[in-house]
Amino acid sequence: MTTKKEIVMSGIRPTGFLHLGNYFGAIQNYVRMQDDYDCYFMVADLHSLTTHPDTKALKANVHRVLAENIACGLDPEKVALYCQSHIHETGELYLYLNMLAYKGELEKTATFKEKVRMHPENINAGLLTYPVLQTADILLHRAKYVPVGKDQEQHLEMARNFANRFNHRYGFVFPEPQAFNFNNELIKVPGLDGGGKMSKSENQMATLYLADDDETITKKVMKAKTDSGPVEKNTPKPDYIGNIFLLMKLVSDETVINKYEAEYNACTIRYGEMKKQLAVDMIKFISPIREKVNTILADEKYLENIMQLGAGKARKSAVATMQVAREAMRLNYTETPF
Ligand code: ADP
């Protein structure tokens with residue numbers, strides 16, 4: 001007897017080039033989960049419309065996210081790698097869940113408040129209900145695990161609330177989804193400017209993109225904020241220095257990290273040298289991915305086939321879930337569905 005694999009779902013918006021935060025918060029976990037779980041990974045093109053209503057570059061951006069996922073090691077034969085807008089059932093579940101989501105809780109969401117602050121000219125209802133759409137994406141596959149970065153913790157809590165409300169009102173349909181990272185802790189990859197996080201659309205000089213060329217990587221790393229170094233042994237690191245160590249832990253060998261930790265504690269550290277080493281290790285990490293992305297992007301037909309394959313798998317799961325959800329909601333007035 002084959003045991004059923006646990007279900008995993010996650011997505012990334014096609015709003016620009018992917019960066020180290022997307023890699024370590026999300027994609028690295030996708031790749032590690034693809035053999036042992038039943039995985040649904042999507043390009044969240046509908047989510048991108050909440051902040052990026054101009055769709056001229058959308059197709060190219062969707063292709064890029066697909067290519068970047070594959071270049072990082074995701075196998076479209078093993079997982080369902082698909083486009084959100086190809087699964088029409090998403091809109092239906094989003095509608096039902098919207099009746100279970102309250103204006104007050106949506107307005108309190110940290111990401112909503114942040115976006116209102118940054119784009120006061122475009123506070124649309126889609127932005128307000130962003131966590132509901134995200135919940136629909138997850139519940140559509142009745143997923144248990146959602147590999148995401150730390151910035152998504154609150155959204156996952158909301159997804160659990162919406163799932164529980166549905167189950168409570170209509171009977172059990174949806175398992176509670178949980179945020180997931182292999183290291184047990186969700187990660188936030190910090191920006192190189194000492195504050196904030198790496199991000200697709202904001203603070204570009206502080207973000208390392210998987211598409212950055214070697215020279216750009218070096219330039220960005222060398223500009224990272226430092227100071228003249230600690231003057232007392234074993235002093236706690238200021239945030240911006242801690243961030244550089246964190247980035248080093250992501251891409252450098254342990255011996256390298258230990259060397260700089262020891263130098264920091266002995267007050268002999270030279271940040272210029274440390275950043276040069278970090279730049280070398282970053283280039284070693286990023287450049288093979290960048291080259292693979294370019295090869296994949298050149299083959300539009302391949303990307304088209306990948307999207308079709310993924311949509312087929314995702315739709316099968318979505319259709320099955322919606323049948324159960326509609327029945328639970330008593331929306332099945334006819335014998336044969338039409
Ligand atoms: P962005 O915020 O760059 O536009 P998305 O909202 O599309 O990225 O998020 C895609 C995935 O990448 C999510 O799982 C998110 O948690 C993760 N992620 C984004 N930025 C970071 C970061 N700086 N550190 C860790 N994970 C991140």
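In listed order, ligands and their atoms are each counted from 1. In what follows, every heavy atom counts, from backbone to side chain, and hydrogens, waters and symmetry copies are set aside.
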Self-check item: Nearest atoms (heavy-atom pairs only) where P147 meets S10
Solution: O-OG, 2.8 Å
Practice problem: Name the orientation class of the two ring planes belonging to Y130 and H155 (parallel below 30°, tilted from 30 to 60°, perpendicular beyond 60°). | Solution: tilted
Quiz item: Under the 6.0 Å and 45° cation-pi test, does R142 pair with F174?
Solution: no
Practice problem: Just jot down the ligand 1 atoms closer than 4.0 angstrom to any heavy atom of V148, in number order. | Solution: 14 (O), 16 (O)
Self-check item: Criterion ring pair (Phe, Tyr, Trp, His ring centres under 6.0 Å) on Y170 and F172, from CA distance to verdict
Solution: CA-CA 7 Å; Y170 301 115; F172 182 82; over 10 Å; no
Quiz item: Where is the nearest protein heavy atom to atom 25 (C) of ligand 1: which residue, which atom, and how far?
Solution: I187 O, 3.2 Å
Quiz item: Should you measure from each heavy atom of K188, which atoms of ligand 1 turn up under 4.0 Å away?
Solution: 24 (N), 25 (C)
Quiz item: What's the spacing between I306 CD1 and L309 CG if we round to 0.5 Å?
Solution: 6.0 Å
Quiz item: To the nearest 0.1 Å, how far is atom 22 (C) of ligand 1 from its closest protein heavy atom, and which atom is that?
Solution: G21 CA, 3.5 Å
Exercise. Looking only at protein heavy atoms, identify the closest one to atom 4 (O) of ligand 1 and say how far it is in Å.
Key: R13 NH2, 2.8 Å
Quiz item: Nearest protein heavy-atom contact for atom 16 (O) of ligand 1: which residue, which atom, what distance?
Solution: D151 OD1, 2.5 Å
Quiz item: Is the closest N or O pair between Y130 and ligand 1 shorter than 3.5 Å?
Solution: no
Exercise. Name the closest protein heavy atom to atom 9 (O) of ligand 1, giving the residue it belongs to and the distance to 0.1 Å.
Key: N22 ND2, 3.8 Å
Practice problem: May I ask you to list the atoms of ligand 1 that are less than 4.0 angstrom from any heavy atom of S199? | Solution: 3 (O)
Exercise. Compute the shortest N/O to N/O distance between K197 and ligand 1 and return yes if it is under 3.5 Å, no if not.
Key: yes
Quiz item: So, for F41 and Y82, is the gap between ring centers shorter than 6.0 Å?
Solution: no
Quiz item: What part of H19 sits under 4.0 Å from ligand 1 if we count only heavy atoms: the side chain, the backbone, both or neither?
Solution: side chain
Quiz prompt | Residue pairs, two or more places apart or on separate chains, that pass salt bridge (charged side-chain N to carboxylate O under 4.0 Å, His left out) and touch residues 60-85 | solution = D35-K78, R64-E68
Quiz item: Between K5 and Y37, is NZ or CZ placed under 6.0 angstrom from the six-membered ring centre and within 45° of the ring axis?
Solution: no
Quiz item: Would you say M198 and ligand 1 have an N/O pair spaced under 3.5 Å apart?
Solution: yes
Quiz item: Any chance the rings of F285 and F24 have centres within less than 6.0 Å?
Solution: yes
Quiz item: Of the backbone atoms (N, CA, C, O) and the side-chain heavy atoms from C-beta on, which set of V189 has a member under 4.0 Å from an atom of ligand 1: side chain, backbone, both, or neither?
Solution: both
Self-check item: From CA spacing to verdict: side chain to side chain contact (heavy atoms under 4.5 Å, CB included), R326, E92
Solution: CA-CA 10 Å; R326 276 185 226 115; E92 185 186 351; 2.8 Å; yes
Exercise. Do me a favour and list the nearest non-hydrogen protein atom to atom 1 (P) of ligand 1 with residue, atom name and distance?
Key: K200 NZ, 3.6 Å
Exercise. Provide the number and element of each atom of ligand 1 under 4.0 Å from a heavy atom of Q152.
Key: 16 (O)
